[in-house]
Amino acid sequence: MDMVYRYNIMDITSITEFAKIRGGCNGKCRDVYFLRLLGGFPSLQKEVADAERILFEAMGNGKLFYRRVTELPSYIEREEQDYYLQCHENWISCGKVKLVTRFTERNMEFQALFGKAAETVCEKYAACKKGISDSIKKNLVVKIAWWVDRIFGQMKEKWDSRSCIKIIAENIAKEQEYLFFYFLTLIGADVLLLQMKADIVLLGGLAGLSKAVKTGEFGAWDLPEPTARPAARQPGEAEENRRNTVKIPPRESVRNTVKIPPRENRRNTAKVLPRESGQNTVKIPPRESDRNARNTVKIPPRENRPVACSMSGSAVSGTENISSSISGIHSGTERREKSFEELARLASSVVMVAIHGKDGKVIGSGSGIMIGKDGYVLTNNHVIRDGRYFSVRIEEEEKVYPTDEIIKYNPVLDLAVIRIDRKLLPLPVFDGRNPLVRGQKVVAIGSPLGLFNSVSDGIISGFRTIDRVDMIQFTAPISHGSSGGAVLNMYGEVIGISTAGFDDAQNINLAVPYDQILMFTRGFR
């Protein structure tokens with residue numbers, strides 16, 4: 001018989017009460033608490049400090065395990081990503097019976113509970129929100145496994161189903177983070193979310209997984225650092241291993257102006273192999289198996305870039321600005337060929353993506369296509385794969401939308417979907433009603449060399465299979481930074497996404513075709 005969880009059986013209205021209460025465990029029935037305290041109040045700092053003194057004292061006496069999570073880490077190194085993807089594959093292959101990670105590898109009971117909890121979270125997510133694909137579920141499980149290892153990796157106490165775990169987290173704003181904390185309740189943790197700035201926006205029945213308690217007004221409330229440490233420490237243990245908060249570099253590392261490193265720091269996104277190889281073999285951006293390849297974007301020196309991306313100024317909300325710029329182009333049921341001027345107006349649905357590295361500096365740029373109205377942007381996997389987070393710019397808007405949400409990716413097709421916090425007006429994707437042919441006119445829209453939303457025209461010059469992936473060859477000029485941009489037919493429909501261009505050839509460019517895009521973005525459009 002699986003463990004049964006009873007939620008919030010007693011009313012808790014303060015941080016101190018949360019610190020003092022202990023969820024009971026009777027046989028296979030466990031009482032847990034999952035709360036959202038909304039808003040701050042004048043004595044907030046004192047109450048947090050008092051609660052942490054209680055929790056740290058109990059932790060020092062071996063009665064519980066406690067962590068305060070100030071911010072969940074968002075960047076996962078390539079090798080770590082591969083490890084947790086394998087953890088997910090092993091979980092699937094064993095019928096989701098157990099999920100083994102570094103923290104759980106020596107605890108069979110925890111492996112089984114972890115596996116069941118991950119399955120429950122995915123089921124809740126799919127039931128409460130439409131369009132949740134297997135890829136989104138995989139991404140969620142990978143993040144959960146990684147976050148658990150990061151938070152509980154220093155846990156010295158032996159864990160079992162009766163262990164008392166207390167987690168306090170601050171200002172959670174993303175669904176997957178919220179689901180992670182719900183997951184923790186399914187392994188027996190009591191979780192308190194201090195929503196001091198704003199409550200998290202949750203669709204469907206997700207909000208009902210926790211109990212909301214209004215405690216004050218939303219605002220810029222500050223919390224103190226932990227006021228104590230557990231008494232037991234390992235001799236010589238490094239200070240960074242003794243901290244009881246989880247942090248990533250502060251957001252102030254994000255610059256307000258997008259700057260691009262000089263050309264000599266960049267690699268080409270695509271090349272023709274040297275003549276001595278005996279033939280001109282096309283090499284597209286390296287796949288996931290190419291461990292030593294760099295997939296950043298080649299950009300000219302800063303002084304040659306007249307365009308900067310500013311985060312200041314007023315923002316345009318909703319889709320009003322986009323709608324006004326392409327109003328009528330796709331209205332009604334009539335499907336007709338459009339003029340180049342009309343097609344150029346569709347640039348409002350193509351974005352520029354700046355890629356930020358570990359230190360917050362921009363390490364490259366690319367393009368993206370609005371593919372789903374709920375903030376979904378399609379781009380190339382090689383554009384985003386080396387980024388810690390991304391800044392998305394929309395035409396005629398001053399606001400830049402930061403995100404670290406990679407919803408889905410496929411290194412073989414070289415496609416990825418990211419999401420920003422904004423309603424979008426996506427471009428239609430060609431449905432294949434008539435086959436594409438050589439000589440057919442096309443228009444390419446992207447941000448080559450950082451020049452935002454440049455429009456060029458050309459024709460389809462051929463169809464190629466490269467690294468076992470079908471590609472469209474076209475002549476519309478593109479350059480570094482165009483990767484992820486739209487290739488349109490004369491009806492204004494996406495027939496491909498720009499993927500590779502060549503320095504040593506004129507107008508030989510490649511795009512992933514519409515049929516792969518339709519398959520990859522199913523559920524987002």
Side-chain angles (χ1 to χ4, degrees), residues 307 316 319-353 366-373 376-380 392-397 424-463 471-479 481-501 507-518 521 525:
V307 178
V316 180
T319 60
E320 295 86 350
N321 202 42
I322 297 176
S323 299
S324 63
S325 65
I326 63 173
S327 176
I329 295 181
H330 290 297
S331 62
T333 58
E334 180 187 8
R335 182 176 182 266
R336 62 175 180 83
E337 292 192 1
K338 297 167 178 59
S339 67
F340 285 114
E341 290 83 358
E342 287 179 303
L343 293 174
R345 288 162 60 192
L346 295 176
S348 298
S349 290
V350 179
V351 305
M352 185 166 76
V353 182
S367 304
I369 305 169
M370 296 182 187
I371 204 69
K373 64 180 180 178
Y376 296 109
V377 174
L378 176 70
T379 187
N380 288 137
V392 176
R393 183 183 175 190
I394 297 174
E395 192 171 74
E396 297 183 5
E397 289 196 27
L424 303 177
L425 193 65
L427 288 171
V429 180
F430 179 55
D431 60 8
R433 64 183 66 188
N434 297 310
L436 302 178
V437 296
R438 284 182 296 180
Q440 180 176 334
K441 292 180 180 180
V442 296
V443 167
I445 304 176
S447 299
L449 309 180
L451 300 174
F452 189 33
N453 274 1
S454 299
V455 180
S456 59
D457 69 300
I459 62 170
I460 294 177
S461 52
F463 302 93
M471 294 279 185
I472 299 172
Q473 180 185 331
F474 64 99
T475 65
I478 63 173
S479 300
S482 297
S483 292
V487 181
L488 307 175
N489 62 16
M490 297 305 291
Y491 295 93
E493 300 161 335
V494 176
I495 63 167
I497 178 172
S498 298
T499 296
N507 298 341
I508 299 179
N509 305 306
L510 299 171
V512 177
Y514 68 90
D515 53 344
Q516 304 284 11
I517 293 173
L518 286 170
T521 60
R525 291 174 282 107

Considering all heavy atoms, the nearest E395-S348 contact:
OE1-OG, 3.5 Å
Are the side chains of D431 and E493 in touch, meaning some heavy atoms are under 4.5 Å apart?
no
Reported CZ-to-CG distance for the pair F430 and N489, which is rounded to 0.5 angstrom:
6.5 Å
Keeping S349 on the side-chain end and P426 on the backbone end, is there a donor-acceptor pair under 3.5 Å?
no
Step by step, work out the side-chain contact (heavy atoms from CB on, under 4.5 Å) result for Y514 and L436.
CA-CA 10 Å; Y514 68 90; L436 302 178; 3.8 Å; yes
Taking T475 for its side chain and I459 for its backbone only, find out whether a donor-acceptor pair lies under 3.5 Å.
yes
Can you find a pair of side-chain heavy atoms, one from K441 and one from D457, that are under 4.5 Å apart?
no
In I445, I371, L378, L488, the residue satisfying side-chain contact (heavy atoms from CB on, under 4.5 Å) with L427 is L488
Any side-chain heavy-atom pair from E337 and Y491 closer than 4.5 angstrom?
yes
To the nearest 0.5 Å, tell me how far L510 CG sits from S461 OG.
8.5 Å
Would a 4.5 Å heavy-atom cut-off, applied to side chains only, mark V487 and I472 as touching?
no
Would you say R336 and E342 make side-chain contact, with heavy atoms under 4.5 Å?
yes
Under a 4.5 Å cut-off applied to non-hydrogen side-chain atoms, are I369 and V429 in contact?
no
Closest non-hydrogen contact found for V442 with A476 is CG2-CB, 4.5 Å
Would you say I497 and N380 make side-chain contact, with heavy atoms under 4.5 Å?
yes
Scanning both residues in full, the closest heavy-atom pair of P435 with Q440 reads O-OE1, 4.4 Å
Please report the interatomic distance CD1(I460) to CZ(R438), rounded to the nearest 0.5 Å.
11.0 Å
Between CG of L425 and CG of L346, what distance do you get to the nearest 0.5 Å?
9.5 Å
Where is the tightest heavy-atom contact between M471 and V512, given as atom of each residue plus distance?
SD-N, 4.0 Å
